[in-house]
Number of protein chains: 2
Amino acid sequence: MPRHIDQDRRRTEIAEAVWRLVVREGVSAVSLRTVAAEAGLVLGSLRHSFPTKADLLAYSMELVHERVQERVRRHLGVRDARALARAVLLEVLPLDEERRTELRVNLALVVESPAHPRLAELAGAAQTALAQMCRDLCGHLGSAGLLHPSRDVALEGARLHALLDGTALHLLLDPAAVPSAEQLVEAHLRELATPSPEAGPASGAARR
Amino acid sequence: MPRHIDQDRRRTEIAEAVWRLVVREGVSAVSLRTVAAEAGLVLGSLRHSFPTKADLLAYSMELVHERVQERVRRHLGVRDARALARAVLLEVLPLDEERRTELRVNLALVVESPAHPRLAELAGAAQTALAQMCRDLCGHLGSAGLLHPSRDVALEGARLHALLDGTALHLLLDPAAVPSAEQLVEAHLRELATPSPEAGPASGAARR
DNA sequence: ATCGTGCTAGCACAGATGCGCTACGAAAGG
DNA sequence: CCTTTCGTAGCGCATCTGTGCTAGCACGAT
């Protein structure tokens, strides 16, 4: 092996250049040449790591998913079910610039997926995984008695997932909403422990 | 006035061509020429209605917001607070192909907004309006006694908004989830009438 | 010292893109 | 009638796009 450049590192750097471009100038500013310039490379070098644009975009999206997965993994040791849920949820939300970038890029590539089928696959898989994770969190809460038995795990999983993605979207468009996002997650988790409104009729709620 | 063509109609048709392109081929497939072809016009005619690409994109986004607003307006006469909330929320969700297209386009243009400042303005305004609407719905529910007094209107407004946008996103990526989305909205609205878990301590919830 | 290979650098090409500009048509005003 | 004005049609240009291709370079194993 001659002149060995750490290819993984190189590919990562390039993908991050894509991220920066997407955030700064929008998806349609992403071309092989602009990316090469942003990464401080020549077109030829870029194309050695990523022969086609499709390869580039696909890896840029994969890297987002890897980063998120790895950050989530770090919290999996938490024992208390509610603390685990809180940790994981707050980890997935774009609470800082780095995660905001990742979400923005993911969204941008989802939007581009009609033109690049591979992106659609990746996005679908990530989406499914996140949904599964939300259901699992609800399952764990259930085992710990923190999800009231009158509640349906599947429905609450879907609701949690929607709440998560919606909050993420809002944080993306309005970073100032961070404190209310944390409060929101907290309130929702506490709510899951209460009986479902269909099982236990709302006490004196119809009054006032 | 010579040869009068209904300009508004023309602009609408063109914007809809943009929509179709975004959905079928992704944002970066949108160029003056591809749009003209999709709309069955010549480049010159297109550019008579929209001199620059920025104009085109801005109007395409505006049209999405107008359509949504008008659909929502149709339900404002509903008297019962919960029925109103249900109607409005289900109207905003992408439950059919038409609304799915609108959401997809909106998302695509949000993603493109770094390159076109006007898009960022429009997106911000729409986002703010939707947030306000969710708060208002919660306010009405409160006046009708369908939002338990122990609940904070601002927080519940934000939560409803997040749930709404999250569910919308999920419906976009998985149209098969329509029934569960309706169920989800219904469950959430009922939940709002129950006491907040911090005010009324979760009855026997910590138990299994 | 030599050779093979991983990497850089860049040329070339066919096509697309946004936009400035002009020429022509048709229709409504005078 | 003629003139004005709106809309159509389209040429042209400078620039950018993705990708195929070929030299050369530096280095590590032989």
Side-chain angles (χ1 to χ4, degrees), chain A residues 1-18 20-22 24-61 108-109 111-119, chain B residues 1-18 20-22 24-61 108-109 111-119:
Chain A
M1 258 178 277
R3 174 90 144 291
H4 81 297
I5 282 291
D6 185 340
Q7 266 296 348
D8 281 349
R9 183 164 196 77
R10 171 60 65 89
R11 288 163 71 88
T12 302
E13 285 170 7
I14 295 174
E16 286 174 345
V18 172
R20 267 174 271 139
L21 269 177
V22 168
R24 271 212 326 267
E25 331 232 11
V27 236
S28 45
V30 174
S31 80
L32 295 186
R33 277 167 247 257
T34 57
V35 171
E38 175 75 27
L41 297 176
V42 199
L43 183 56
S45 304
L46 207 214
R47 296 219 324 149
H48 184 80
S49 299
F50 297 103
T52 80
K53 189 180 185 178
D55 297 330
L56 213 206
L57 296 182
Y59 185 74
S60 299
M61 189 185 234
L109 294 180
V111 161
E112 273 302 281
S113 54
H116 300 274
R118 177 90 184 106
L119 293 180
Chain B
M1 257 178 277
R3 175 90 145 290
H4 80 297
I5 282 290
D6 186 339
Q7 267 296 347
D8 281 349
R9 181 164 197 78
R10 171 61 63 88
R11 288 163 70 90
T12 301
E13 284 170 9
I14 295 174
E16 285 173 346
V18 171
R20 268 174 270 138
L21 269 177
V22 168
R24 272 211 327 266
E25 332 230 13
V27 235
S28 46
V30 174
S31 79
L32 296 185
R33 274 167 249 256
T34 56
V35 171
E38 175 76 28
L41 297 176
V42 200
L43 184 55
S45 302
L46 209 215
R47 294 207 28 205
H48 185 79
S49 299
F50 298 104
T52 80
K53 189 179 185 179
D55 297 330
L56 214 205
L57 296 182
Y59 184 74
S60 300
M61 189 185 235
L109 294 180
V111 161
E112 273 303 280
S113 55
H116 300 275
R118 177 90 184 106
L119 293 180

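Below, chain A is the first sequence line, B the second, and so on; all start at residue 1.
Residue-level contact check: A:L32 touches the bases, meaning some heavy atom is under 4.0 Å from a base atom. Base engagement by B:L43 is indicated by at least one non-hydrogen atom pair under 4.0 Å involving a base atom.
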Requested in this report: Dump the intermediate steps for side chain to side chain contact (heavy atoms under 4.5 Å, CB included) on A:L41 and A:I14, then the final yes or no.
Outcome: CA-CA 9 Å; A:L41 297 176; A:I14 295 174; 3.9 Å; yes
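Following rounding to the nearest Å, A:D6 (CG) and D:dC27 (C1') show an atom-to-atom distance of 17 Å. The separation between B:E25 atom CD and C:dA16 atom C1' is 14 Å, rounded to whole Å. Taking atom CD on A:E13 and atom P on C:dT8, their separation rounds to 11 Å, with Å as the unit. One atom, CG of A:D55, and another, C1' of D:dG18, lie 12 Å apart when rounded to the nearest Å. If you take CG of A:L46 and C1' of D:dC16, they are 16 Å apart, rounded to a whole angstrom. Regarding A:H48, its NE2 atom lies at a distance of 18 Å from the P atom of D:dC25, rounded to whole Å. If you take CZ of A:R9 and C1' of C:dC7, they are 18 Å apart, rounded to a whole angstrom. B:K53 has its NZ atom 8 Å from the P atom of C:dT17, to the nearest Å.
A donor and an acceptor atom sit less than 3.5 Å apart, one in the side chain of A:R33 and one in the base of D:dG18. Judged by distance alone with a 3.5 Å cut-off, a donor-acceptor contact links the side chain of A:R47 to the base of D:dG20.
A distance of 9.5 Å separates CZ of A:R11 from OG of A:S60, quoted to the nearest 0.5 Å. Rounding to the nearest 0.5 Å places CG of B:L21 at 12.5 Å from CD of B:E16. Residue B:L46 holds its CG atom at 9.0 Å from OG1 of B:T34, rounded to the nearest 0.5 Å. Rounding to the nearest 0.5 angstrom, the gap separating the NE2 atom in A:H116 from the CG atom in A:L109 is 9.0 Å. The line from CZ of A:R24 to CD of A:E38 is 4.5 Å long, rounded to the nearest 0.5 Å. In this structure, CZ on B:R47 lies 10.5 Å from CG on B:D55, to the nearest 0.5 angstrom.
Residue order along DNA chain C, read from the 5' end via each residue's closest nucleotide, puts A:S49 first among B:S28 and A:S49.
Listed nucleotides D:dT8, D:dG7, D:dT17 differ in distance to A:S31; the shortest reach to its side chain belongs to D:dT17. If you check C:dC7, C:dG18, D:dG7 against the side chain of B:Q7, the one that comes closest is D:dG7.
Taking side-chain N and O atoms only, B:S45 has a distance below 4.0 Å to OP1 or OP2 of D:dA9.
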Report summary line: Pairs under 3.5 Å (Watson-Crick or G-U), crossing ones as [ ], inter-strand ones as |: DNA chain D comes out as ..|||..|||||||||||||||||||||||
